[in-house]
Structure formats: structure tokens, C-alpha cells
Participant: 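Starting off with a structure, shown below.
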Amino acid sequence: MITAVRKPMAEILGYAAQFDNILLLGCNECVTVCYAGGRKEVGILASALSLAFLKEGKKLAITEHTLERQCDPEFVEELAQTIEQYDAIFSMACGCGVQTLAGRYKDKPVFPMVNTQFMGASERQGVWAERCAGCGDCVLAYTGGICPVARCSKRIFNGPCGGSTKGKCEIDPGVDCAWQLIWDRLKALGRTDLYSQIMPAKDWRTAKDGGPRRIVREDLLS
Amino acid sequence: MKTQSNLEKVLAAGHFAVTGEVGPPRGSDPEVVRSKASHLVGKVDAVNVTDNQTAMVRMSSWAASLICKQMGLEPNYQMVCRDRNRLAMQSDILGAYALGLNTMLCLSGDHPRFGDHPMAANVHDIDSIQLIAMVKGMCEEGRFQGGAEISSPPKMFVGAAANPFGDPQELRVLRLGKKVAAGADFIQTQCIYDMRRFKEFMHQAVDMGLTEKTSLLAGVTPLKSGGMAKYMASKVPGMTVPDEIVKRIAGAPKDSQAQEGIKLCVEQIQELKEVPGVAGIHLMAIEWEHRAAEILELAGLLPRPTL
Amino acid sequence: MIDFQPVIVAFACSYCAYTAADMAGVQGFAYPEGVKIVQVPCSGKVDSLHILRALQKGADGVMVAGCLEGDCHFRNGNRRAAQRVRYVQALLEDVGIGGQRVLMANMSAGQGAVFAATASHFWETIRALGQNPAKLAASRAAA
């Protein structure tokens with residue numbers, strides 16, 4: 001999923017200062033699962049904002065609403081009838097949702113309430129970790145199912161570097177050395193032969209270095 | 001001879017090679033480089049010139065290398081993968097060669113987190129093994145990494161680093177093998193204090209035939225004080241320093257710890273000379289360039305051959 | 001503001017604090033009238049949102065009362081409640097309301113005196129702090 005964390009309140013309060021009437025908009029997808037911008041977080045932020053305004057003797061009208069998916073025009077369209085009544089949309093979705101709103105409602109200010117983080121997986125309740133860098137050319141078949149692009153601090157394709165110590169990365173003892181994990185898994189799979197092959201320099205065009213990416217599925221076009 | 005590199009000549013002639021190291025300054029004064037390098041002129045076969053070591057901004061490696069070259073030293077121009085993409089790397093290599101640099105060392109580079117610009121983009125377009133392969137392709141096939149022909153290809157003697165002490169231990173020699181397969185002409189190791197582990201590493205490397213295909217220079221760093229010994233033992237990632245070494249240096253009287261460090265370093269060099277597969281040493285006298293000659297003299301490695 | 005009588009919402013776990021509040025009555029340990037008890041099946045049931053909504057709707061303080069550490073009927077509900085209280089306290093600091101308006105308390109079902117003392121002390125603390133600044137400002141604005 002795409003992970004996110006709420007922006008600092010000071011930044012959000014800064015955005016809010018200029019408005020009287022906002023739509024605080026959650027998303028039922030990834031940001032709900034990572035507790036950053038689902039229905040409940042919309043409620044929490046609405047309460048916090050409202051308390052902050054009341055304390056200053058001001059009033060901010062906040063309409064709480066959560067869309068099924070903010071990154072999908074079909075669901076964003078739902079707002080078309082009511083959008084006029086708000087000064088601005090405060091979106092709790094990831095950057096994809098914020099931009100879908102901005103693209104659809106061109107004259108309506110949209111503000112991000114979260115900092116979108118990474119594509120990750122849940123390690124346990126309350127902990128998410130980066131797992132995929134979306135590089136567009138998956139090498140997991142050769143690396144025992146552990147991604148060197150997302151999980152090695154130097155995204156080394158022929159690792160580990162000299163800083164791997166007791167299974168941990170030199171940058172932080174809380175970070176696993178991806179190449180230790182890769183090696184352990186290749187051993188478990190009986191595929192250590194994969195390690196001896198030099199992985200060639202990556203073609204980053206499939207990643208964002210080739211410019212903004214797009215998928216077009218002819219079979220699905222309407 | 002594939003290149004004009006003095007290091008290649010020394011190794012090809014069968015001499016036990018000696019390389020040193022100069023860290024460029026965090027400023028633009030060429031005198032700092034000249035002063036450090038002056039201690040090494042005539043004492044080493046090549047001198048490593050570091051590239052933003054520990055991720056701190058310093059005078060560029062190629063520029064400091066050129067200053068060393070002008071003093072009659074053979075620079076070993078270091079290049080890390082952290083700061084440049086493959087376009088910048090290749091253009092720097094062409095430029096470096098055009099200015100007379102013939103020897104280079106391909107490295108990953110320390111993570112920006114350790115340096116003075118932890119907010120910098122961490123490039124790693126290619127890794128150190130891919131860099132070796134890229135330089136070899138430029139020199140031997142006359143092609144850029146992208147495939148286009150180079151009108152006048154450079155000729156570099158290409159080195160790489162190896163750390164016999166990092167984890168997982170069983171990968172250390174295998175990864176050395178990948179560097180050799182990528183085309184590394186020579187290897188310089190992380191500084192060695194744990195002789196037993198290093199000898200095991202060399203035994204495996206010799207068994208795999210790696211020392212037939214590359215020249216391996218064993219890294220040594222003199223310990224200047226008990227404090228430094230303790231620091232190296234506990235704070236440097238991927239480094240092991242046996243307790244008896246820490247005790248020996250830290251246990252010496254304060255005013256003779258430096259002398260004890262030099263004595264130990266000389267003993268280490270003499271021991272390393274006898275290790276099968278070791279083709280030379282790489283002396284990293286960190287901020288102690290002026291003591292390098294003394295160490296090399298005591299170790300019987302002076303004068304250096306002129307070829 | 002001498003006549004300020006704070007309103008405290010006390011979320012009380014039915015396995016301990018809720019019974020303790022009952023015991024306080026039976027045993028004659030008094031606590032202020034402004035302490036409004038909301039029975040919850042476990043302090044772990046109390047969400048950050050419940051605490052914030054209580055404050056938004058005019059409570060001057062919120063107390064979450066769960067079992068003694070290690071004694072949660074549902075293993076770790078009280079620990080999770082404490083984590084949420086810390087989260088809300090930080091958020092309240094960020095919006096200028098102040099984290100001290102929320103309290104996590106732990107007690108057993110038999111500790112009527114502890115409930116009464118904790119609730120009274122918290123009530124006094126809030127009384128000293130003054131009215132929920134959000135409510136106060138709103139009433140001033142209205143006046």
C-alpha cells in the first residue's frame with residue numbers, strides 16, 4: 001500500500017487560517033489502512049482543527065467526508081454537486097488523491113493533510129516499512145524476493161557493501177542489511193548461484209528517471 | 001602493459017607494491033594537498049586521492065589527483081557511486097585521463113548520512129561493481145556504458161576495494177570474485193588488524209584463483225593512540241580490531257603510544273608480505289602522512305622501484 | 001474564575017474503574033459532581049477520537065481509567081489506551097489546548113478510594129487550569 005503520515009499541525013493550521021469553510025476529505029484506501037487519512041483520522045483532525053480555531057475565538061466550518069477512492073475520477077465526481085459551498089478541500093489522501101481532486105476541480109484550492117511516504121507493507125500493528133520503489137523492472141526473482149532498490153540504503157545491485165555488520169545496515173542498527181536478507185534467502189532456496197552473476201547496470205527509464213510514467217491498457221479503454 | 005599506470009608497471013615487474021593515501025582538504029588551497037603529498041613523493045608507487053570521503057565535501061578527487069601528479073606522484077583517482085550518475089562519471093573519467101591520470105579506484109561511497117550533507121540526493125545510478133565494468137568497457141572496448149563508441153578511449157588501470165571483515169563473512173570472497181570478474185586490475189583492502197581472519201580470506205581468494213587475475217594490496221593503518229585503537233575497534237562499521245591490539249596500544253605509556261603504533265604497523269606489514277596472494281600494501285596513514293616514510297623505511301620497502 | 005466547575009468525562013473500564021467508582025460511593029469516598037462517568041467495556045475501547053470529541057463538545061478534561069498495568073481483562077487494552085492518551089496529549093499541545101487536559105489512570109475494581117482521589121485531584125487540576133480554552137473562546141465570541 002501507499003503509506004502516509006499526517007502533516008505537522010502547525011503546517012495544517014497555517015493552511016487553514018485563510019478559510020472559514022472547508023471540506024475535510026478522507027480516502028477509504030491505503031491511507032485508511034495505515035491510519036493516516038481514513039474516516040477516523042478525518043474525525044480526529046476535524047476535532048483538533050476545530051479546537052484550535054475555537055481557542056483563537058474563531059470558527060471554522062468543517063465538513064467531514066470520506067471518499068471510497070480519491071485517486072479515481074469516478075469517486076471524485078461525487079463531489080461535483082456540493083463542492084461550490086466550500087472554500088477549499090483539505091485532502092487526507094496520498095498525493096495521487098490530492099492531484100485527482102486538483103485536476104477535476106480546477107478553481108478549488110486543495111491542500112494535502114498528509115506527507116505521502118512510500119510503498120510499504122505492515123511489519124506489525126503500527127509499523128510500516130518500505131518494500132517497493134516502483135522501479136518498473138522487477139528483479140525480485142533474482143534476489144530471493146528481497147528488493148535491493150527499495151531496501152538497500154545504496155540500492156546496490158551487487159552487494160553487500162563493506163558496511164554490513166551483523167545483518168544490519170551501517171546507516172542505522174534498526175535497518176536490516178538487504179543483502180544479508182537476500183543472501184540468507186538465496187541459501188534457503190538453494191539458489192546461491194544467482195549471487196555469483198553480476199547484475200548489470202540498471203536501465204532507470206522504467207523508473208521515474210524516464211519521465212512521468214503512464215500505463216495505457218488498450219483492452220480496457222472506453 | 002595496458003596503461004601508463006606506474007602501479008601497473010610496478011606490479012607487472014613483480015615488485016611488492018606500496019600505495020599511500022591523501023585526503024583532499026575541505027577548502028580550495030592547493031598547498032594543503034602539496035604539503036600532504038610531499039611526504040609521499042618517491043615513497044609510494046601510487047597515492048589514493050579520496051572522493052568526498054565519509055560523505056564530507058572536499059576538493060574534487062580529480063583536481064587533487066592532478067596536483068599530486070604535478071608533484072611526480074602517481075595518483076590513484078578515487079570515484080564513488082554516491083555523488084554522480086553515469087554521465088558525470090564517464091565525463092570525469094575522460095577528463096581525468098586527458099589530464100594524465102592513469103589509475104583509478106571504484107567505490108560505493110559512504111552513505112550521506114555520515115557526512116555534512118545528509119540532506120543530499122544519494123545517487124547510486126550504478127554500483128561499484130557496475131562502475132568497474134563500465135570503466136573496463138570504456139577502456140578495453142572503447143564504448144560508453146550506453147553503447148556508443150568513444151572517439152579516443154581512456155586507458156585506466158582499474159582498482160576496487162574489498163573488505164575482508166564485513167558481514168556476511170561467507171560473501172566477502174564471493175563479492176571479491178565479482179569485482180575481479182567485472183575486471184578489477186587491482187584490489188585494495190580495508191585496513192587489517194585481525195590477521196587470522198584476513199589469512200582465511202586470502203586462503204579462499206587464492207583457492208578460487210582470484211589472486212591470479214588481480215593484484216591484491218593489503219590495507220594497513222597505523223594506530224596513533226590508544227584512543228584511536230578503541231575508536232577503530234568500536235565505531236567503524238565493518239572493521240574488527242582484536243582486543244590484544246587495543247590493549248597493546250592503549251596499554252603503552254601515553255608518550256610512546258604513537259611509537260608503539262608504528263612498531264605494530266611495521267610488524268603487520270612484515271607479516272602481510274608473507275601471506276600468499278598479497279601483492280603489496282596500501283598504507284592509509286590518516287592525517288599522519290609525514291610518518292608514512294618512517295613506517296615504509298622500517299618495513300624495508302624503500303626505496304621504491306623506478307620503471 | 002472562582003465559580004468555575006469543570007466538566008470531566010471519565011471513560012471507565014467496566015472491569016475495574018467503573019466498579020471502583022461504584023465502590024467509592026458505597027464506601028463514602030466523595031468525588032466532584034462534574035466528573036461524568038462513561039462506562040466502557042475496556043479502556044482499550046477508548047479511541048483518540050472519543051477523547052477529542054469530548055473536548056470538542058465542551059468537556060474541560062478527559063480521564064481514561066483502566067485496570068492496573070498487567071491486569072487488563074483483555075491482556076493489553078490499558079496499555080493501548082495509555083498509548084492513545086499520549087498521542088492525544090501531543091496533538092493537544094500542537095493545537096494549543098495543552099496535553100494536561102487528558103489523563104490516563106490505572107486502578108483495580110476494589111480501589112474506590114483511588115478512583116475518588118484520582119478524579120478529585122484531576123478535577124482540581126483542571127479547575128486550576130481553567131475552562132477548556134476552546135469553549136471559553138467560543139462563549140466569549142458569542143457574547
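We use all heavy atoms of the structure for the numbers below, so side chains are in, but hydrogens, waters and symmetry mates are not. Labels below follow one simple rule: chain letters A, B, ... track the order of the sequence lines, proteins then strands, and each chain is numbered from 1.
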Participant: Under 3.5 Å, is there a donor on one side chain and an acceptor on the other for Q180(A) and D184(A)?
Facilitator: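 Their side chains do contain a donor-acceptor pair, which is all the 3.5 Å distance test asks for.
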Participant: Rounded to the nearest 0.5 Å, what separation is found between the CD atom of Q111(C) and the CD atom of Q27(C)?
Facilitator: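 Interatomic distance, Q111(C) CD to Q27(C) CD, rounded to 0.5 Å: 10.5 Å.
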Participant: Just to be sure I understand the criterion: a residue of residues 8-36 of chain A counts if one of its heavy atoms is under 4.5 Å from a heavy atom of chain C. Which ones qualify?
Facilitator: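 Hits under 4.5 Å: M9(A), L13(A).
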Participant: Would you say the side-chain atoms of Q83(C) and R80(C) include a donor-acceptor pair closer than 3.5 Å?
Facilitator: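 The criterion, which ignores hydrogens and geometry beyond distance, is not satisfied for R80(C) and Q83(C).
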Participant: Sort by residue number and list every member of residues 69-98 of chain A having a non-hydrogen atom under 4.5 Å from chain C.
Facilitator: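 Residues in range: none.
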Participant: Given the options D47(C), L92(C), L55(C), which has more heavy-atom pairs under 4.5 Å with chain A than any of the others?
Facilitator: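 Highest number of pairs under 4.5 Å: D47(C).
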Participant: I'd like to know whether the aromatic ring centres of F74(C) and Y15(C) sit less than 6.0 Å apart in this structure.
Facilitator: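 Between Y15(C) and F74(C), which both carry aromatic rings, the centre distance is below 6.0 Å.
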Participant: Provide the full list of side-chain hydrogen bond (donor to acceptor under 3.5 Å, both in side chains) pairs with a residue in residues 105-119 of chain A, sequence neighbours left out, each pair given once.
Facilitator: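 Output for this query lists K7(A)-N115(A).
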Participant: How many angstroms lie between atom OG1 of T3(A) and atom CE of M1(A), to the nearest 0.5 angstrom?
Facilitator: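 So the OG1 of T3(A) and the CE of M1(A) are separated by 7.0 Å.
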Participant: Quick one: does NZ or CZ of R213(A) land under 6.0 Å from the six-membered ring centre of W204(A), within 45 degrees of the ring axis?
Facilitator: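 Verdict for W204(A): no cation-pi partner in R213(A).
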Participant: For K187(A), is the NZ atom crowded, meaning more than 12 foreign heavy atoms sit under 6.0 Å from it?
Facilitator: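 Atom NZ in K187(A) is crowded, with more than 12 foreign heavy atoms closer than 6.0 Å.
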Participant: Looking at A48(A), S47(A), G43(A), S50(A), which one has more heavy-atom pairs under 4.5 Å with chain C than the rest?
Facilitator: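 Winner by heavy-atom pair count: S47(A).
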Participant: Where the side chain of D176(A) meets the backbone of A178(A), is there a donor-acceptor pair that is under 3.5 Å apart?
Facilitator: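 Looks like no, no N/O pair under 3.5 Å.
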Participant: If the condition is side chain to side chain contact (heavy atoms under 4.5 Å, CB included), which residues does S48(C) pass it with, not counting sequence neighbours?
Facilitator: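 S48(C): side chain to side chain contact (heavy atoms under 4.5 Å, CB included) contacts with I44(A), R84(C), Y87(C), V88(C).
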